[in-house]
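Here the structure is laid out as structure tokens; the discussion comes afterwards.
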There are 2 protein chains.
Amino acid sequence: MNHQSTDGTVSTPDIIDMLRSAGLRPTRQRISLAALLFGQGDRHTTAENLYEEAHRAGVRISLATIYNALHQFTEAGLLRELAVDGTRTYFDTNTGDHQHFFIESEGRMIDIPAPSLKVTGIPNLPEGKRVARVDVMIRLVDE
Amino acid sequence: MNHQSTDGTVSTPDIIDMLRSAGLRPTRQRISLAALLFGQGDRHTTAENLYEEAHRAGVRISLATIYNALHQFTEAGLLRELAVDGTRTYFDTNTGDHQHFFIESEGRMIDIPAPSLKVTGIPNLPEGKRVARVDVMIRLVDE
DNA sequence: ATTTGTGCAAATCGTTTGCATCTGA
DNA sequence: TCAGATGCAAACGATTTGCACAAAT
């Protein structure tokens with residue numbers, strides 16, 4: 001299940017593995033994207049952002065393919081989608097239980113590990129529903 | 001400060017008052033929108049949604065004006081903007097301290113009053129930042 | 001050989017903007 | 001009167017889609 005080594009890097013064979021076990025064909029583009037996404041610890045990125053990064057790294061890939069890949073990765077449970085401000089969609093490589101600071105001035109997010117942050121006093125849920133996820137976003141501005 | 005009577009209705013003079021004290025000219029369109037928004041207790045709505053509702057109610061108003069008004073109301077502190085899913089922007093007539101259930105299947109939100117729900121264990125903030133707002137969104141799916 | 005993925009450009013969706021016209025103070 | 005508001009249509013940015021071509025099994 002864990003495809004990352006302790007130093008935060010991921011080797012190509014491991015990436016191919018990760019994609020295969022997610023039921024995704026390890027194509028050149030997906031391998032490149034996965035390497036960028038999972039090769040350097042937890043990160044939060046947007047499609048456009050990743051597109052530029054890929055091009056800077058010399059990877060030939062279209063924006064449409066990036067969107068496809070990000071959604072496929074999300075469905076496969078490799079990424080988590082974050083709603084922040086209604087304009088762009090962020091993707092988080094950390095799919096574990098955690099929350100976020102959001103720095104409005106920079107459009108940047110910082111992870112808050114789950115153990116420290118707690119949400120208590122959730123009222124009874126409406127009939128026939130269950131909690132899919134609890135999202136906490138702590139919005140920060142300059143002092 | 002409080003422009004609503006206890007039964008949740010708002011009279012036209014009160015709406016005009018509300019707009020004036022918010023520094024907004026009480027135009028025909030803004031009065032109509034404010035009546036729809038604040039005339040029936042707390043609600044969560046989108047621009048498109050409000051546009052249809054206004055037209056059903058026989059109010060002549062353009063979508064652009066709705067967007068303008070929603071943003072002006074938000075800046076004036078009469079509304080709160082909610083980021084839910086990156087596609088549409090929701091506006092909440094309840095500007096007090098509270099949080100939300102979000103029912104994914106219906107795209108509908110339910111208020112959670114502040115006193116019951118608590119977020120604890122917030123880590124130290126980055127240097128020079130302060131908390132602007134803590135948003136909690138509890139996403140619900142069918143059981 | 002067959003299935004699946006990719007790239008491109010056009011289409012779509014929610015939202016914003018420019019500008020001529022109206023309206024409230 | 002005249003700053004401020006409105007409506008319309010065109011512009012916009014992010015995202016999705018249709019389809020011919022290419023790559024993976």
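Here the structure is a predicted model, which is why all the values come from computation and not from measurement. Computed from heavy atoms alone, side chains included, the values below leave out hydrogens, waters and symmetry copies.
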Review point. B:Ser62 side chain: which of C:dA25, C:dT6, D:dG7 is closest?
Key: D:dG7

Exercise for review: Output the single nucleotide from D:dA14, C:dT23, C:dT16 whose closest atom is nearest the side chain of A:Tyr67.
Suggested key: D:dA14

Point to revise | Parallel, tilted or perpendicular, as decided by the 30° and 60° cut-offs, for the rings of A:His100 and A:His44 | key: perpendicular

Exercise for review: Could you pick out which residue, B:Arg25 or A:Leu63, lies toward the 5' side of DNA chain C when each is mapped onto its nearest nucleotide?
Suggested key: A:Leu63

Check your understanding: Taking the nucleotide of DNA chain C with the closest heavy atom to each, which residue, B:Asn68 or A:Thr27, is nearer the 5' end?
Key -> A:Thr27

Nearest-Å distance, [atom1] ([X]) to [atom2] ([N])?
X       : N      : atom1 : atom2 : answer
A:Glu48 : D:dC12 : CD    : C1'   : 14 Å
A:Gln72 : D:dT16 : CD    : C1'   : 13 Å
A:Ile66 : C:dG5  : CD1   : C1'   : 14 Å
A:Asp85 : C:dG14 : CG    : P     : 17 Å
B:Arg60 : D:dG7  : CZ    : P     : 7 Å
A:Phe91 : D:dA14 : CZ    : P     : 14 Å
A:Leu19 : C:dG5  : CG    : C1'   : 13 Å
A:Tyr51 : C:dT6  : OH    : C1'   : 13 Å

Review point. Considering only heavy atoms from C-beta outward, does the side chain of A:Arg133 approach that of A:Asp135 to under 4.5 Å?
Key: yes

Check your understanding: A:His98 versus A:Ile112: any side-chain heavy-atom pair under 4.5 Å?
Key ->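 A:His98 vs A:Ile112: side chains apart.
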
At less than 4.0 Å, is any side-chain N or O atom of [X] found next to OP1 or OP2 of [N]? Yes or no.
X       : N      : value
A:His71 : D:dT16 : yes
A:Arg30 : C:dT4  : no
B:Gln29 : D:dG7  : yes
A:Thr87 : D:dA14 : no

Exercise for review: Please check if atom CZ in A:Arg60 has more than 12 non-hydrogen atoms from other residues, nucleotides or ligands closer than 6.0 Å.
Suggested key: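 It does not: A:Arg60 CZ has 12 such atoms or fewer within range.
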
Review point. In terms of the nearest nucleotide of DNA chain D, which residue is placed more toward the 5' end: B:Ala64 or B:Leu24?
Key: B:Leu24

Exercise for review: Could you identify which residues cluster with B:Leu82, counting Ile, Leu, Val, Met, Phe, Trp and Tyr as linked when any side-chain heavy atoms lie under 4.5 Å apart, either directly or through a chain of such contacts?
Suggested key: B:Val84, B:Tyr90, B:Phe102, B:Met109, B:Met137

Point to revise | Touch class at under 4.0 angstrom, heavy-atom based, for A:Thr89 against every strand present | key: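 Since only primed, P, OP1 and OP2 atoms lie under 4.0 Å of A:Thr89, the category is sugar-phosphate.
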
